[in-house]
Amino acid sequence: MSQNAKQVITRFAPSPTGFLHIGGARTALFNWLFARHHGGKFMLRIEDTDRKRSTQEAIDAILDGMSWLGLDWDDEPIFQYSRADRHREVAEQLLEKGLAYRCYATPEELTEMRETAKAEGRPVGYDGRWRDRDPSEAPEGVSPAIRLKAPRDGATTIHDHVQGEVTVQNQELDDMILLRSDGSPTYMLSVVVDDHDMGITHIIRGDDHLTNAFRQKLLYQAMDWETPIFAHIPLIYGPDGKKLSKRHGALGVDAYRDMGYLPDALRNYLVRLGWAHGDDEIFSTEQATEWFSIEGINKSPARFDFDKLANLNGHYIRNADEEKLAQLIKPLIDKQLDKSLDDNLCQRLIAALPSLKERAKDINELASSGLFYFRESPLPFEEKAEKLLTDEAKGYLKDLLQRLSGLNNWVKSDIHDQIAATVADNDVGFGKVAKPLRAALTGLAASPGNIDDIMVILGEDESKKRLEQAIS
RNA sequence: GGCCCCUUCGUCUAGUGGCCUAGGACGCGGCCCUUUCACGGCUGAAACACGGGUUCGAGUCCCGUAGGGGUCACCA
């Protein structure tokens with residue numbers, strides 16, 4: 001456990017400017033796992049201070065995405081914008097303590113400053129021109145921004161639990177803005193104040209925030225607040241090693257749901273991306289919670305691999321409960337067939353699922369693969385299947401149909417015996433009968449399931465009906 | 001460009017100075033199972049970026065080089 005007895009509190013702090021993308025989902029997952037591992041709290045903070053880009057739809061999408069992944073948060077979500085007054089209050093305190101100052105530099109001045117600094121190869125930050133000026137020099141009618149008076153020499157080091165000890169010279173850090181000239185707090189200020197007020201003990205976030213951490217640490221120090229533990233995790237890259245693009249999977253988790261991935265599979269995949277527990281590949285959320293540690297997170301970035309996700313998904317589908325799967329795919333089947341499966345067909349679906357789920361890599365595939373069970377005859381035939389129904393084959397099927405009508409019980413063993421008898425009496429290989437039989441029953445040359453199982457699932461009437469139609 | 005970070009099979013990774021003839025998983029090849037398609041089992045090819053050190057001994061420690069990434073806003 002940790003050094004002190006303090007309860008672990010983590011947070012996930014998305015900006016509601018879009019869906020919950022896959023990288024954010026992993027960050028949330030790590031925070032969630034860490035909190036649950038320590039029996040602590042996992043909080044949600046919506047960083048909606050960018051009023052123009054924040055939308056209610058995005059908030060809903062993020063909440064939905066997290067719920068779908070099974071990431072439950074403690075307490076009510078905190079909306080950052082609603083805390084602006086408190087942020088301003090902290091800025092004022094800093095001003096009073098002499099640790100912040102008013103800056104009257106104009107935007108034009110600042111860009112010019114950056115350009116010359118860049119041209120001269122110096123750090124491009126703010127040069128501190130209002131840092132020590134007397135307030136009486138303030139120009140008329142210009143409302144100032146408030147900047148932190150950051151230390152100019154020395155160095156700041158972060159003891160990051162993923163990145164290790166990282167040090168940066170303070171001269172690389174400029175006096176960041178706390179309050180804009182319109183009085184609105186900046187992200188840098190809001191984050192620190194909120195994390196402190198929420199009692200966050202561990203900040204686990206993408207390593208694109210690493211450089212922010214130095215500035216934020218300066219703020220914690222200025223306020224004399226305890227700095228939380230940082231853990232900056234590497235971002236996920238695309239299969240080409242470049243930043244994850246939409247084409248490569250930088251999609252919302254809802255897109256993964258629509259692609260037919262199970263939340264368990266995605267969760268399992270996401271944890272293993274950049275984190276490992278020995279050779280374990282497939283594990284439950286309970287195990288992940290038990291095993292998870294920040295120290296186990298790799299420093300190097302990981303690429304997103306759809307093949308591995310698909311493999312994992314196949315595993316979770318095979319192990320999923322049939323009732324649950326049926327619920328997921330019924331709407332998909334209804335849509336594709338443009339009808340609603342009745343009770344009878346729903347029963348058929350449940351019966352078919354054990355063999356269907358052995359083969360599918362995703363939910364959409366699962367639904368499509370079983371479509372033939374529910375189509376109205378006459379079945380649409382694919383070309384390969386059509387070709388299997390030669391006159392010779394039809395003869396075997398006619399023979400089989402006759403034998404089948406003598407059956408008292410429509411059970412697998414008896415059906416199998418009749419197929420075997422047909423094969424034997426006609427003195428042909430098994431495939432000579434089985435292949436056209438499959439084609440007749442499914443309209444396909446290849447389909448999931450043993451042929452006798454398919455007949456049992458289809459039922460006596462439907463099986464015979466399809467056979468008769470194929471023969472004629 | 002400045003600063004910071006990263007670098008083990010194609011990909012995700014195990015590995016914390018001798019257990020490494022570098023292990024597992026996905027993907028790929030072969031074989032087996034088989035009533036198609038899958039599942040499954042067995043098996044094969046496949047990596048310590050490069051160059052210097054340190055050490056009796058380096059994938060593991062240090063330095064450099066190369067490549068990759070992040071970040072440098074009155075955005076978050």
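Every chain is numbered from 1, with letters handed out A, B, ... down the list of sequences.
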G-U wobble or Watson-Crick pairing nucleotide for [N] (cut-off 3.5 Å, both distances):
| N | value |
| --- | --- |
| B:C39 | none |
| B:G2 | B:U71 |
| B:C9 | none |
| B:U65 | B:A49 |

* Asked: Any donor-acceptor pair under 3.5 Å joining the side chain of A:Asp207 to the base of B:G70?
  ->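 No pair found.
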
* Check: B:C12 base within 3.5 Å donor-acceptor of A:Lys308 side chain -> yes

* To do: If a protein heavy atom is under 4.0 Å from the base, mark B; if only from the sugar-phosphate, S; if neither, -; do that for nucleotides 31-45 of chain B going 5' to 3'.
  => ----BBBBSS-----

Between [N] and [M], how far apart are the two [atom1] atoms, rounded to whole Å?
| N | M | atom1 | value |
| --- | --- | --- | --- |
| B:U54 | B:G70 | P | 37 Å |
| B:A25 | B:C62 | P | 32 Å |
| B:C26 | B:U65 | P | 40 Å |
| B:U35 | B:G29 | P | 23 Å |
| B:U11 | B:A46 | C1' | 12 Å |
| B:G52 | B:A47 | C1' | 22 Å |
| B:G24 | B:U8 | C1' | 13 Å |
| B:A58 | B:C50 | C1' | 16 Å |

Under a 4.0 Å N-O cut-off, is there an ion pair linking [X] with [Y]?
| X | Y | result |
| --- | --- | --- |
| A:Glu462 | A:Arg375 | no |
| A:Arg45 | A:Glu47 | yes |
| A:Asp194 | A:Arg86 | no |
| A:Arg83 | A:Asp197 | yes |
| A:Glu365 | A:Arg359 | no |

* Specify the glycosidic conformation (syn or anti) of B:C6, with syn defined as within 90° of 0. => anti

* Asked: So which nucleotide from B:G2, B:A14, B:C12 ends up closest to the side chain of A:Asp279?
  ->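 When the side chain of A:Asp279 is considered, B:A14 is the closest of B:G2, B:A14, B:C12.
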
* Given B:A25, is OP1 or OP2 found less than 4.0 Å from the side-chain N or O atoms of A:Arg272? ->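 For B:A25, OP1/OP2 do not have a side-chain N/O of A:Arg272 under 4.0 Å.
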
Looking for any heavy atom pair under 4.0 Å, which part of the strands does [X] touch: base, sugar-phosphate only, or nothing?
| X | answer |
| --- | --- |
| A:Thr49 | sugar-phosphate |
| A:Ser181 | base |
| A:Thr167 | sugar-phosphate |
| A:Leu210 | sugar-phosphate |

Under 3.5 Å, which donor-acceptor pairs do the side chains of residues 138-155 of chain A form with other protein atoms, sequence neighbours left out?
| unit_1 | atom_1 | unit_2 | atom_2 | d |
| --- | --- | --- | --- | --- |
| A:Arg147 | NH1 | A:Asp175 | O | 2.7 |
| A:Arg152 | NH2 | A:Asp127 | O | 3.2 |

* Asked: Of all residues at least two apart in sequence or in a different chain, which pass the salt bridge (Lys or Arg N to Asp or Glu O under 4.0 Å) check with A:Asp305?
  ->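 Listed in chain order: nothing, the list is empty.
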
* Do A:His161 and A:Phe230 make the cut of ring centroids closer than 6.0 angstrom? -> no

* **Whole angstrom value for the distance that separates P of B:A14 from CG of A:Leu273** => 12 Å

* For the pair made of CG in A:Leu235 and C1' in B:G68, what is the distance, rounded to whole Å? -> 14 Å

